[in-house]
Amino acid sequence: TGKRVANRNLWFSIFSQHIGFSLWTVWSVLVLFMGPAYHIDPAGKFLLVSLPSLIGALIRIPYTMAPARFGGRNWTIVSALLLLIPTALAIAVMHPGTSFTTFLIVAALGGLGGGNFASSMVNINAFFPEGRKGWALGLNAGGGNIGVPVVQLLGLAVIATVGAGYPRLVLAIYVPLILFAGYCAARY
């Protein structure tokens, strides 16, 4: 009897998780914009790319419990809108002259996108019967994971069309998408 609600939740969950994955891995794109003026060596860039993965992996533990504690809808709204924090901060600091420590802190906050996966999977799992869970969870995971190549292609498209001086453009594209994901989670 709840098939329509379950499917609707699945599609909006996929969208929100897709944005989460994109922003979780956005630093793999942002380092492409960091030329010599940023004074960050390859090891530093590697750390900026890997730190969000570590943080995202660690916060999956509390994110897994959040839907049961706050409700799947409420937590999807919150977890989607939390993505505004690392995105807005990255927009603010993404320029030469920013300290490496500042970049590390902002990159670490990008781990919030990785937590979305855990809470999304728990939430969707609750809406489908045993015979449909694999299909639903597979779509949910796949739709989220596609956010990784999407943000990478977007970054390369920005570099190819307007140049390496516009890393904020990649981030700015995601601000309305984050707001839309939060709105959809609240409304639908």
Side-chain angles (χ1 to χ4, degrees), residues 1-29 49-92 105-151 154 170-188:
T1 61
K3 184 177 182 178
R4 284 187 60 225
V5 171
N7 285 328
R8 183 186 67 211
N9 286 348
L10 174 62
W11 295 114
F12 288 116
S13 178
I14 289 170
F15 177 67
S16 179
Q17 189 179 173
H18 177 86
I19 302 302
F21 264 80
S22 292
L23 294 169
W24 186 27
T25 58
V26 75
W27 283 91
S28 68
V29 173
V49 170
S50 60
L51 189 57
S53 295
L54 173 64
I55 300 301
L58 293 174
I59 66 169
R60 283 184 175 185
I61 297 166
Y63 266 59
T64 299
M65 296 177 264
R69 173 81 170 100
F70 303 109
R73 172 192 219 155
N74 293 336
W75 188 250
T76 302
I77 296 166
V78 169
S79 65
L81 294 178
L82 279 173
L83 297 173
L84 287 170
I85 296 169
T87 305
L89 289 173
I91 288 170
I105 292 167
V106 175
L109 289 170
L112 291 171
N116 283 13
F117 179 77
S119 60
S120 178
M121 295 299 276
V122 168
N123 188 37
I124 291 305
N125 186 55
F127 282 96
F128 288 87
E130 291 300 322
R132 303 283 291 163
K133 283 184 194 237
W135 171 83
L137 293 171
L139 282 176
N140 197 40
N145 279 306
I146 289 174
V148 176
V150 167
V151 75
L154 177 63
V170 175
L171 297 159
I173 289 169
Y174 280 95
V175 172
L177 295 174
I178 294 167
L179 293 171
F180 186 65
Y183 169 78
C184 289
R187 177 74 173 88
Y188 304 107

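Note that this is a predicted model, so its numbers are computed, not measured. Index from 1, following the sequence.
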CG of Leu171 to CG of Leu23: how many Å apart, nearest 0.5 Å? 7.5 Å
Looking only at heavy atoms, which two atoms of Val49 and Ser28 are closest? And how far apart? CG2-CA, 3.7 Å
Quick one: pull up CH2 in Trp24 and OG in Ser53 and give me the separation to the nearest 0.5 Å. 5.5 Å
Do the non-hydrogen side-chain atoms of Val122 and Tyr63 ever get within less than 4.5 Å of each other? no
Give every donor-acceptor pair under 3.5 Å between a side-chain atom in residues 128-137 and any protein atom, sequence neighbours left out.
unit_1, atom_1, unit_2, atom_2, d
Lys133, NZ, Asn125, O, 2.9
Lys133, NZ, Asn125, OD1, 3.3

Could you walk me through whether Val175 and Ile91 pass side-chain contact (heavy atoms from CB on, under 4.5 Å), step by step? CA-CA 10 Å; Val175 172; Ile91 288 170; 4.0 Å; yes
For Pro86 and Leu112 the tightest heavy-atom approach is CD-CD1, 3.9 Å
Quick one: closest heavy-atom pair of Gly20 and Asn116, and the distance? CA-ND2, 3.9 Å
Quick one, Leu84 and Leu179 - any side-chain contact, counting heavy atoms below 4.5 Å? yes
Would you mind reporting whether Val5 and Phe127 have side-chain heavy atoms less than 4.5 Å apart? yes
Nearest heavy-atom contact between Ser120 and Asn140 is OG-ND2, 2.8 Å
How long is the span from the CG atom in Asn123 to the OG1 atom in Thr64, to the nearest 0.5 Å? 11.5 Å
When rounded to the nearest 0.5 Å, the distance separating CD of Gln17 from CG of Asn145 is 7.0 Å
Of all the heavy-atom pairs spanning Pro52 and Ala107, show the shortest one and how long it is. CG-O, 3.1 Å
Let me confirm one number: the CD1-CG distance from Ile59 to Leu54, rounded to the nearest 0.5 Å. 10.5 Å
Below 4.5 Å, heavy atoms only, C-beta onward: do Val151 and Thr25 meet side chain to side chain? yes
For the residue pair Phe70 and Trp75, categorise the inter-ring angle as parallel (less than 30°), tilted (30 to 60°) or perpendicular (more than 60°). parallel
Under a 4.5 Å cut-off applied to non-hydrogen side-chain atoms, are Leu177 and Phe15 in contact? yes
Distance-only side-chain donor-acceptor flag, Tyr174 / Ser22, under 3.5 Å: yes
To the nearest 0.5 Å, tell me how far Ser16 OG sits from Phe21 CZ. 11.5 Å
Would the distance check show the side chain of Arg8 and the main-chain N or O of Tyr188 forming a donor-acceptor pair, the cut-off being under 3.5 Å? yes
Of all the heavy-atom pairs spanning His18 and Ile146, show the shortest one and how long it is. CE1-C, 3.7 Å
